[in-house]
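Here's the structure, in structure tokens; my notes come after.
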Protein chains: 2
Amino acid sequence: MSSSSGKPASDSRLQILHAAAGCFMERGFHATSIDHVAHRLGATKGIVYHHYQSKMDLFFDVYRVGMTALLSAVSVARQGPGRGLASVRAMLEAHAMAMFEFHAFENVVAQGVQLHRFSAMTPSQRESFDELVASRDRLEQMYKEEVEMAQSAGTVRADLDVSIAVKTILGGVHWSVIWWRPEADEGLQARHQLAQKMVDVLLHGLEPR
Amino acid sequence: MSSSSGKPASDSRLQILHAAAGCFMERGFHATSIDHVAHRLGATKGIVYHHYQSKMDLFFDVYRVGMTALLSAVSVARQGPGRGLASVRAMLEAHAMAMFEFHAFENVVAQGVQLHRFSAMTPSQRESFDELVASRDRLEQMYKEEVEMAQSAGTVRADLDVSIAVKTILGGVHWSVIWWRPEADEGLQARHQLAQKMVDVLLHGLEPR
DNA sequence: GTCTATATGGTGATAGAC
DNA sequence: GTCTATCACCATATAGAC
């Protein structure tokens, strides 16, 4: 995982990243102070500013880790053996699993979607911001393409507005940052079962077949 | 629509409420200053503090309006003629329509779900907070009950984990605060079509029948 | 690398004139 | 009811010792 400046992530940077993700998740970006992050590290804010130029850069790095985890999980699943609807299913299951595994980071990703352009950004931050928006679009695009291919193959309904369908389905997966709690499903197996149940609802709906 | 203190909503209160909802949506609760709200009103913050004791009380009132709109829309739809799956469909369509109509307020509701208990609350604010949590649970409960009834009637699959299914489906509806933009679907009819397409995906999934 | 100041600015909330 | 002025506080970010 590389930072915005292309430097490899040092050990202390990773620790800061995890502390920040936890704080941002619990209190939100604006309500989190650098002192909060430092306190969670058991240190002072000098160390944070030694590794990150600003709070926003820190936020961007947390976002980047979360989004990279999603993109990576989904594209690996996409390249698996499945085709058509089976491929979409594999993507969604991997997606949901990543939502659980990187829970704090994905919570921050969800906040980042809402991040406005009001706060002043340096050119470098602006670049990071644009990159994040692009990565978000890329994720959605992967799903759209796969659903369209499945439509051609006849394993997904042809009468579907793909854009709306994908947005709605991804909403079902992403919203889990709101209600899912790590304490509830600790084992990998429990998480996988949950992911399967969620994806099952999204692919088949409520109606009996 | 009544405020937390039970007073009827005056005209100026309503204006403040709308301005606050817009600001909270655009910048988030913590990044919004009372000056921002006042500026959107074309006034100064004296007027805001004349009507609301604190920023958090203002937030709670915005949240309350948004949540009341959802509860009201969904429970009216529930009491309609439909039964079983048709009733769930009517609830979801009304739900989605309310998400659009009260877009700014529902955006704040989504933020409120994340609102932490860290910030100090007065006993009265604490009471509001608990009431909001309860209203959120009530909304989910309405869906769970209706889905279970539909299961008994055989119009919804019996093999479904109702709690997970409802959370996932509501995620699909609620996430629209993230991607939906008022400019895109101005007419009531365009909105209704969008709502129907979203609900169609949630009830039937992707697979052809 | 990590710490302790501290500069600097913004924000919630209040006081009090009109 | 609405304004101006102001207080008290907190948070970002920096400087500089060790």
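Owing to the predicted nature of the structure, the values given are computational and were not obtained by experimental measurement. Naming convention: chains lettered A, B, ... in sequence-line order (proteins, then strands); numbering from 1 in each chain.
Using a 3.5 Å distance cut-off with no hydrogens or angles, the side chains of A:Thr122 and A:Gln53 do not pair a donor with an acceptor.
Sorted by first and then second residue, the salt bridge (Lys or Arg N to Asp or Glu O under 4.0 Å) pairs with a member in residues 184-201 of chain B read A:Arg157-B:Asp200, A:Asp161-B:Lys197; sequence neighbours excluded. Residue pairs that meet the salt bridge (Lys or Arg N to Asp or Glu O under 4.0 Å) test with at least one member in residues 74-89 of chain A, sequence neighbours left out, are A:Arg78-A:Glu145, A:Arg78-A:Glu146.
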Protein-nucleic acid N or O pairs under 3.5 Å, nucleotides 13-18 of chain C:
unit_1 : atom_1 : unit_2  : atom_2 : d
C:dA13 : OP2    : B:Tyr49 : OH     : 3.1
C:dA13 : OP2    : B:Lys55 : N      : 2.9
C:dA13 : N6     : B:Lys45 : NZ     : 2.8

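Atom CG of A:Asp35 and atom P of C:dT4 are 11 Å apart (whole Å). Going from atom CZ of B:Arg13 over to atom P of D:dG1 covers 11 Å, rounded to whole Å. Atom pair B:His39:NE2 and C:dG10:P shows a separation of 15 Å (rounding to whole Å applied). If you measure from atom OH of A:Tyr52 to atom P of D:dT12, you get 16 Å, rounded to the nearest angstrom. Atom CG of B:Leu41 and atom C1' of D:dC3 are 14 Å apart (whole Å). In this structure, CG of A:Leu58 is placed 10 Å from P of D:dA13, rounded to the nearest angstrom. Computed from coordinates, the A:His51 NE2 to C:dT2 C1' distance equals 9 Å when rounded to whole Å. At whole-Å resolution of the value, CZ in A:Arg27 and P in D:dA11 are 9 Å apart.
Within 4.0 Å of A:Thr44, counting heavy atoms only, lies at least one base atom of the nucleic acid.
With a 4.5 Å cut-off on side-chain heavy atoms, A:Met149 and A:Ser87 do not count as touching. Counting heavy atoms from C-beta on, the side chains of B:Met142 and B:Leu71 come closer than 4.5 Å. Looking at A:Tyr63 and A:Gln111, their side chains never come closer than 4.5 Å, going by heavy atoms from C-beta outward.
Nearest nucleotide to the side chain of A:His36, out of C:dT11, D:dA11, C:dT2: D:dA11.
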